[in-house]
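Below: the structure, in structure tokens.
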Amino acid sequence: MRVRYNPMAVEAKWRERWEQAGVGEVDLDQAPRPFYNLVMFPYPSAEGLHIGNVFAYTGGDTYGRYMALLGHDVFEPMGFDAFGIHSENFALKMNVHPARLIANNVSHFREQLHRMEGRFAWSQAVDTTSPAYYRWTQWVFLQLYHRGLAEKKRAPVNWCPSCLTVLANEQVVQGACERCGTLVVTRHLEQWFLKITQYADRLLDHLEEMDWSPTIKTAQRNWIGRSAGLELSFPVVGHPGTAVAFFTTRPDTVHGASFVVLAPEHPLVSAITTDGARPAVEAYVTAALARRDQERTDVNRAKTGVDTGARALNVATGREVPIWVADYVLGSYGTGAIMAVPAHDQRDFEFANAFGLPIPWVIEPPGGVPATPTEAYGGPGTVIHSGLLNGLSSPDAREQVMDWAEREGLGQRRVTYRLRDWLISRQRYWGPPIPMVLCPTCGTVPVPESELPVMLPDVENFRPLGTGESPLASVSAFVETTCPQCGGPARRETDVSDNFLDSAWYYLRYPSAEETERALSPDRIAKWLPVNMYIGGHEHAVLHLLYTRFISMALHDMGHLPFEEPFRVFRAHGTMIHEGAKMSKSRGNVINPDELFDRYGADSVRTYLMFMGPYQEGGDFSDQGIQGVYRFMHRVWDLVDEVLSRGVPDAAPPAARERERHRTIAKVGSDYAALHHNTAVSTLMTYANALTAARDTVTRAELETLVILLSPLAPAITEELWERLGHAGMLSQDARWPTVDPAYLVDAEVEIAVQVDGRVRDRIVVAVGGTQEQALAQALERERVQSALGGHAPARVVYVPGRALNLVAARTERDPAANE
RNA sequence: GCCGAAGUGGCGGAAUUGGCAGACGCGCGCGACUCAAAAUCGCGUGUGGCAACACCACGUGCCGGUUCGAGUCCGGCCUUCGGCACCA
């Protein structure tokens, strides 16, 4: 009796069975072969699971299911990153309390994540907004505080006028708020920072050895922006004891420093400005500080600046040089001052040209100093006009100047970074309150761990105030407290923490999710971490992925973790596009996964998403393309169904087919392991086509191989076919990846190309392991080869076993035969 | 401007260490089934020289090079995407 493939019925049946059997759950304490397979958890939006989420999770899940078939105890947890500005902004827009909104979203997400057949360990799910979770987020903050890695300090910070809160540097993209696109402004506020800069070197150095997608490593290197050089001071003339310190990566050009530039916010500006210059300088500084960062740091803007009238002594040349104020020098980098070397720095060159300042050349480029320079020369060369340094190469001079400066006590070698400390205060409602108390007598006092969590109060008005304070500041029941140290009246910190802090440690919590008395179980940590495979999007290259590494290192240094780097392997998945463009509501090309599940079933959706293109590059979703995969599922079903209807032979397959079976197992396995899911699908299609062509003699071993190999992509249909093939246990629990017999991977004979002068002229079948002579003799018997040779004997023969035989007829200059 | 990734049929994309370019799928064409259509199945499908076969030439962004042989390696460009950017 034939049965038709009904994806809805099959998938509904197995979803239920899997849930009952707890497929996906592992014994976290006993599992003999632990494998932690992690995919970045979602932010549960109101729109529901995005097709991009389905794409990302299917890739990770396919990998996890493959690992499980290999016999690993795969732990694949899932959770919800539900705190943060994004959720809160949406709640404000809908005018619904975020707590209620999020609860709905989370339950919708859970449903969809079940629908997509993820093999998740739901018992360990986390929700960052639950007090049972954020209690420990606060605990993490306190650990950092006790370690001296959390500090409240006054600093110029990025303020988003639309989100009404400060942001971390990482959350400002080209001068605009990452969330809403509004241009940020600089405010001077007292805020909580986490000292990630203390880990800059380690964060950078470890990258070398890490097995991560190269794009992510590069992005992190760029972001950390390490540069090594010299910090040097020039004394200010007429101000004994005062010197301008600056950082330079080109100490070899110090003789060419013909002026000094201070940033407008530099503290020395007003102290050294001469009376005559003061009005102009003050006007300039005021105007510069009022300018938006976005505008001020625009590369294309013409250089502006004012002479302070003061002079500095170039300690290398002994000459006095003018000190200018200009806004192309940033107050936030290095010391906020530079020595300007206009001949060898394009920015200084432009500035010197604009204001008629001298441009002395001290490095001679390989082609000589140009007669009329139109731009600065920043490359290496020979040092000139620099006294004792003359004639040295610029790298040698660089070292000598640094040695000299250190010896003379004029400066020291220094390393600077682009990376800034991580600002985690948010003047918002929807996050974990920062667990600190401000006491008039004791100052800033941490909340004792025993009093955690500091509960986020349920308030009606969660709207941000815009005063620089969180909405919590107006909740007196929350604010008013007693000092944990002296017992006197005190106020709570009212800012909440950045939601990237929530996600900076969630992967540590999963294995210990049920722990109520501590954040982490050391045994579980030791057993499951670091994560074996982590998959996520490129967009988190310098946010989540950098913060996470920092938190992990810090917790390691405090003795909470036995490792520094949390993710052994990280792979970034690509981005899905549709109709040639990124999906967006305004474009109207958004794909709704629920509709696809309803029309084709999750098995086909999963398999198509993986077939669409290379997982790590993404792909273009085609409405027609998915039909092809849907047809493929039907073909697989019909093949098994047809053979079942007349009885499945247990005989061994013929040798040629057995060879193909083993090759398919090997190829699909290596593809899954490398996340090359697209080629795994095409190999499976080829195999299914071959079995269909041989349907009359197809055997049990072949059908079961096809079913198991396909199961990581299409779990339900394969589970059903497995059952129909007579197995009592579930494929996803009991089945094992079939073993490959390497003997089958080599043929006795192989067809190779016969080339004449590099052009394929014929093909011959030769014995594997045969000699060049044998192959040549065979090839020369062929008419086509003879005619291509044009009657000549080959002048040279190149034989690549198993690949090609190339006969060189043409006499080339290098060919000794040509010299006859 | 600097750094990184990538350019292959009408389309998505395959192709160990340099060794038969275009697997697999979509689309398209022809055929079978059908009163007809849809669905399904079979065959064909890089371009040109022919309407077709045989055969030949050309063909992996562009120019040049190395090699018996280059999608793959080297040099110089062009384009697209991503990261960084008055960071001294």
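Numbers restart at 1 for each chain; the letters A, B, ... are given by sequence-line order, proteins then strands. In this text, all values refer to a predicted model and were calculated from it rather than measured experimentally.
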Item to complete: Output yes when at least one side-chain N/O atom of R347(A) is less than 4.0 Å from OP1 or OP2 of rA88(B), else no.
Response: no
Discussion item. Could you check whether the side chain of Q346(A) and the base of rG1(B) have a donor-acceptor pair of N or O atoms closer than 3.5 Å, going by distance alone?
Written reply: no
Worksheet item: So, is S332(A) close to the rC87(B) phosphate, meaning a side-chain N or O under 4.0 Å from OP1 or OP2?
Response: no
Item to complete: Answer yes when R250(A) and D345(A) have at least one side-chain N-carboxylate O distance shorter than 4.0 Å, and no when they do not.
Response: no
Worksheet item: How far, in whole Å, is rC74(B) from rC20(B) if one measures between their C1' atoms?
Response: 25 Å
Practice prompt. Compare side-chain N and O positions of N678(A) against OP1 and OP2 of rA14(B) and report whether any pair is under 4.0 Å apart.
Written response: yes
Worksheet item: Can you tell me how far P in rC55(B) sits from the matching atom in rA21(B), rounded to whole Å?
Response: 15 Å
Fill in: Length of the CD-P vector between E617(A) and rG13(B), whole Å
8 Å
Practice prompt. Answer yes if the side chains of D201(A) and Y417(A) hold a donor-acceptor pair under 3.5 Å, and no otherwise.
Written response: yes
Discussion item. Measuring to OP1 and OP2 of rC87(B), would you say a side-chain N or O of N222(A) lies under 4.0 angstrom away?
Written reply: no
Practice prompt. Before giving the answer on salt bridge (charged side-chain N to carboxylate O under 4.0 Å, His left out), spell out for R4(A) and D641(A) the whole-Å C-alpha distance, their side-chain angles and the decisive distance to 0.1 Å.
Written response: CA-CA 8 Å; R4(A) 282 178 60 91; D641(A) 183 58; over 6 Å; no
Worksheet item: Looking at the side chain of R761(A), which of rU17(B), rC56(B), rA88(B) is the nearest nucleotide?
Response: rC56(B)
Practice prompt. Quote, to the nearest angstrom, the C1' distance that separates rC24(B) from rA14(B).
Written response: 7 Å
Worksheet item: Think R631(A) has a side-chain N or O under 4.0 angstrom from the OP1 or OP2 of rU40(B)?
Response: yes
Worksheet item: Whole-Å distance between rC24(B) C1' and L710(A) CG?
Response: 14 Å
Worksheet item: In Watson-Crick or G-U wobble terms, both distances under 3.5 Å, what is the partner of rU79(B)?
Response: rA6(B)
Worksheet item: Distance between the P atoms of rG7(B) and rU16(B), in whole angstroms?
Response: 13 Å
Worksheet item: With rounding to whole Å, what would you report as the distance between rC3(B) and rG76(B) at their P atoms?
Response: 12 Å
Worksheet item: Does R803(A) get its side chain close enough to the base of rU17(B), under 3.5 Å, for a donor-acceptor pair?
Response: yes
Worksheet item: C1' atom, rA37(B) versus rG22(B): distance in rounded Å?
Response: 35 Å
Worksheet item: Taking the C1' atom of each, how far is rU17(B) from rG12(B), in whole Å?
Response: 28 Å
Item to complete: Write down the distance separating the P atoms in rG13(B) and rA23(B), rounded off to the nearest Å.
Response: 16 Å
Worksheet item: Salt bridge or not for E399(A) and R413(A), using N-O below 4.0 Å?
Response: yes
